[in-house]
Amino acid sequence: VLALIVGFFLMLVPLVGVGLAVGLGLSDMVAVGFVVTACAAGSSYSAKLVELAGGDIRVGVGLMFLLAAVTAVTLGPLAALMLGLLGSATGAQVSLDPVPILVTLVLFQLLPLIGLMELGRRAPGVAERLRGPAVRASTVLLVVACVVVVIDSADEVVAIGPVPMLAMVALIGCGLVAGHVI
């Protein structure tokens, strides 16, 4: 409940995202991507980060499921609202098709989480035997994905300059503070 209050009812991170995009004068294209990112609560690798931090993985997965479910329903309207605020402040004309976002969230977060939760409920022994290899595989895949993204995106990151990177660091800090409060 607190996660929903912090993340959605107060819209803390999305509002900070709009404020940073406007206040730092990010280009329209960068600002739009930045604000949409700010509206997306949680991520598909949140459970791995909880594990690496030594937290309660069950709580992390539960929170990730909750945020993914709520995000699937609210991301389109929330992002549209935040992009409207951005457009009002900057004059940018922006539209967003929420269907691809919804499909991605359902296919890559909600369905796998539901399937694995059901496996744990119906076949706890199988789930427990798969846990160790799955944890190791997720660690390797997270490192590989990070390396691939950094290599693939390095020229774009350099091209957007230091101000958007500073904005992203500030946004991540805001999200970490909100998570700490939760």
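- Under a hydrophobic-cluster definition in which Ile, Leu, Val, Met, Phe, Trp and Tyr are linked whenever side-chain heavy atoms come within less than 4.5 Å, directly or via other members, Val157 and Val30 are assigned to the same cluster.
- Under the 4.5 Å side-chain heavy-atom criterion for ILVMFWY residues, no single connected hydrophobic cluster contains both Val150 and Val158.
- In this structure, Met117 places its CE atom where more than 12 heavy-atom neighbours from other residues, nucleotides or ligands lie under 6.0 Å away.
- Scanning for side-chain hydrogen bond (donor to acceptor under 3.5 Å, both in side chains) contacts around Ser138 gives Lys48, with sequence neighbours left out.
- Ala31 approaches Ala21 most closely through the heavy-atom pair CB-CB, 3.9 Å.
- If you chain together hydrophobic residues whose side chains sit under 4.5 Å apart, Val18 and Leu166 never meet in one group.
- Sorted by first then second residue, the salt bridge (charged side-chain N to carboxylate O under 4.0 Å, His left out) pairs that include residues 136-152, not counting sequence neighbours, number zero.
- Evaluation of the side chain to side chain contact (heavy atoms under 4.5 Å, CB included) rule for Leu24 yields Leu20, Leu26, Val163, Ala167 as partners, not counting sequence neighbours.
- Grouping the Ile, Leu, Val, Met, Phe, Trp and Tyr side chains by contacts below 4.5 angstrom, directly or via other members, places Met165 with Ile172.
- Minimum interatomic distance between Gly17 and Ala38 (heavy atoms only, all atoms of both residues): CA-CB, 4.0 Å.
- Applying the side-chain hydrogen bond (donor to acceptor under 3.5 Å, both in side chains) rule to Ser153 yields no partners; only residues at least two apart in sequence or on another chain are considered.
- Val148 belongs to a hydrophobic cluster whose other members, connected by ILVMFWY side-chain contacts under 4.5 Å either directly or through intermediates, are Val140, Val144.
- No continuous path of ILVMFWY side-chain contacts below 4.5 Å connects Met29 to Val35, so the two sit in separate hydrophobic clusters.
- In the hydrophobic clustering, where aliphatic and aromatic side chains (Ile, Leu, Val, Met, Phe, Trp, Tyr) are joined below 4.5 Å either directly or transitively, Leu119 groups with Leu116, Val126, Leu130.
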